[in-house]
Amino acid sequence: MDTQHEEGNKGDPVQITEDEAAVYDRQIRLWGLEAQQRMRNATILVIRLRGTATEAIKNIVLAGIGKLVIYDSEEVKEEDLGAGFFFRDEDVGKQRVDAAKARIEALNPLVTVQALRHPTLLEQVSLEALIMSVDLVCVTDWDREAMIKINDICRQFGKPFYAGGTFGLLGYVFCDLLKHDYISPDRSAPKEAPKNVKATASYSRLSMALQHRWTGLTKRQTKELNPAVVHIILALWEYQHKHEGKLPDDMDAASELGQIANSILATSDVNRQVLTSVPLDLIDTMSTSAAHEFSPTCAVVGGILAQDILKALAAREAPIANFFTFDGNTGGGSVCKMNM
């Protein structure tokens, strides 16, 4: 089970049965049979099972995707029990995917669940084969370099890519949907005769999105994007890179994290009327909380992540374009279009 992956559903599309139509009746009424059919035939790979992934998996499985492939090579730790509601006290020390599989299957028996945990699956050749076998890839709570690597492989094989995660009370969702076609309401149509139009969005890979510059935005536009939160998340990724994947976990890290955040800010060309430096209180908070999961933050970010994955599969509305951030201090979220 843990060393091999099975081929995704690449044959003729599976048609929704009458029994399935009864189960998904409310959803079919919401977004149509064709959209539900696309979900039913989708195989989704989720890499890493922490709090964000737990919430996202719950939602996409209940929505009725065809197959879920979960990968995680780590064991359940005590700290996983807070936000990871697939785990129980007696699971501590067990492999995460083994502990979670049966509980995921119980959510929706119509969805096939495959669990993978062998570390060699992330080696280049194996990873390429795994990504080729699925329709969409979602990576959660991982470091920047790993996300860039997987995103680049997804690009190579034309697979949509999502990344999401949390740092204490902050969270993010990034997506690279390549060239994505979707149906959007026609805002110019009269209210008495609403209609939909086909739209297309071209996305950037993560490595390109990270080179984004905020040049030309007005003071109001910049404020709406909450640049302080965006830049502290970018700084946390850089901090991880410098510290072999570890996140800051005490006030001793505040000085270095602040230097990194303000260095990134200085090169981003953010409107200085809005932000000249990342706030000290935000830096201090992240220095002590970024390494910890908070269930409410995971619920919000995982919910947004799942909603957008389903939106992308259904091709019924515009997905995130392309970097969503959530600030649990205010309860607000914003979407920054990075190099799109």
Side-chain angles (χ1 to χ4, degrees), residues 1-6 42-63 65 67-108 111-122 126-127 130-131 133-134 136-143 146-147 149-151 154 161-168 171-174 240 245-247 290-310:
M1 179 188 73
D2 63 337
T3 58
Q4 294 184 349
H5 59 84
E6 301 161 5
T43 297
I44 296 179
L45 169 64
V46 176
I47 297 176
R48 296 203 82 212
L49 292 186
R50 301 194 72 222
T52 305
T54 300
E55 183 69 27
I57 285 171
K58 172 183 68 93
N59 292 352
I60 62 175
V61 167
L62 289 173
I65 62 169
K67 180 177 179 180
L68 174 72
V69 182
I70 50 175
Y71 171 84
D72 195 304
S73 62
E74 296 183 35
E75 296 178 348
V76 179
K77 303 179 181 69
E78 284 191 17
E79 54 262 37
D80 292 325
L81 301 178
F85 50 75
F86 292 138
F87 307 131
R88 305 291 183 269
D89 289 348
E90 60 269 23
D91 294 327
V92 173
K94 296 178 183 177
Q95 293 288 329
R96 282 179 182 160
V97 291
D98 296 342
K101 184 174 185 287
R103 295 186 182 107
I104 296 171
E105 290 172 329
L107 290 172
N108 188 348
V111 177
T112 302
V113 180
Q114 183 184 6
L116 303 172
R117 54 182 165 81
H118 203 281
T120 58
L121 283 169
L122 292 189
S126 299
L127 184 57
L130 177 58
I131 289 174
S133 73
V134 303
L136 183 148
V137 177
C138 175
V139 179
T140 63
D141 292 293
W142 223 357
D143 63 89
M147 291 189 292
K149 175 185 175 181
I150 293 174
N151 185 192
C154 287
F161 170 84
Y162 275 87
T166 63
F167 298 115
Y172 67 90
V173 174
F174 170 81
Q240 271 187 305
K246 293 181 180 179
L247 286 165
H292 303 279
E293 289 188 316
F294 293 95
S295 294
T297 313
C298 293
V300 172
V301 176
I304 294 289
L305 176 59
Q307 176 184 309
D308 214 67
I309 288 172
L310 295 173

Identify the two heavy atoms, one from [X] and one from [Y], that lie closest to each other, and give their separation to 0.1 Å.
X	Y	value
Ser73	Pro119	CB-CG, 4.2 Å
Val111	Val61	CG2-O, 3.6 Å
Phe167	Tyr172	CE1-CE2, 3.8 Å

Side-chain donor or acceptor of [X] paired with backbone N/O of [Y] under 3.5 Å:
X	Y	answer
Thr43	Lys67	no
Tyr162	Asp308	yes
Asp72	Leu49	yes

Quick one: pull up [atom1] in [X] and [atom2] in [Y] and give me the separation to the nearest 0.5 Å.
X	Y	atom1	atom2	result
Lys94	Arg88	NZ	CZ	11.0 Å
Glu55	Arg50	CD	CZ	15.0 Å
Ile47	Met147	CD1	CE	11.5 Å
Ile57	Leu68	CD1	CG	5.5 Å
Thr112	Ile104	OG1	CD1	12.5 Å

I want to check something: taking the side chain as every heavy atom from C-beta on, are [X] and [Y] in contact at a cut-off of under 4.5 Å?
X	Y	value
Ile65	Ile309	no
Asp141	Thr166	yes
Asp91	Arg103	yes

Next item on the list: Look at atom CD of Glu78 and say whether more than 12 heavy atoms of other residues, nucleotides or ligands are closer to it than 6.0 Å.
Entry: no
Apply side chain to side chain contact (heavy atoms under 4.5 Å, CB included) to [X] and list each qualifying residue two or more places apart in sequence or on a separate chain.
X	answer
Asp143	Glu145, Ala146, Gln240
Lys77	Glu74, Glu79, Asp80, Arg96
Leu81	Val76, Phe87, Asp89, Val92

Item checked: Lys58 and Phe85: CA distance, side-chain angles, deciding distance, side-chain contact (heavy atoms from CB on, under 4.5 Å) verdict -> CA-CA 10 Å; Lys58 172 183 68 93; Phe85 50 75; 3.8 Å; yes
In a table with atom names and distances, give each donor-acceptor pair under 3.5 Å that connects a side chain of residues 290-303 to protein atoms at least two apart or in another chain.
residue: His292; atom: NE2; partner: Asp249; partner atom: OD1; Å: 2.7
residue: Glu293; atom: OE2; partner: Gly51; partner atom: N; Å: 2.8
residue: Ser295; atom: OG; partner: Gly82; partner atom: O; Å: 3.0
residue: Thr297; atom: OG1; partner: Gly168; partner atom: O; Å: 3.3

Notebook entry, point to check: Partners of Lys149 by salt bridge (charged side-chain N to carboxylate O under 4.0 Å, His left out), sequence neighbours excluded?
Noted result: none
Notebook entry, point to check: Would Leu122 and Tyr71 count as a side-chain contact (heavy atoms from CB on, under 4.5 Å) if you check the C-alpha gap in whole Å, the side-chain angles of each, and the deciding distance to 0.1 Å?
Noted result: CA-CA 9 Å; Leu122 292 189; Tyr71 171 84; 3.6 Å; yes
Checklist line | Option among Ile70, Val113, Leu116 that satisfies the side-chain contact (heavy atoms from CB on, under 4.5 Å) test with Val97 | finding: Ile70
Margin query: Holding to side-chain hydrogen bond (donor to acceptor under 3.5 Å, both in side chains), I want the full list of residues that pass it with Asn59, two or more places apart in sequence or in another chain.
Written below: none
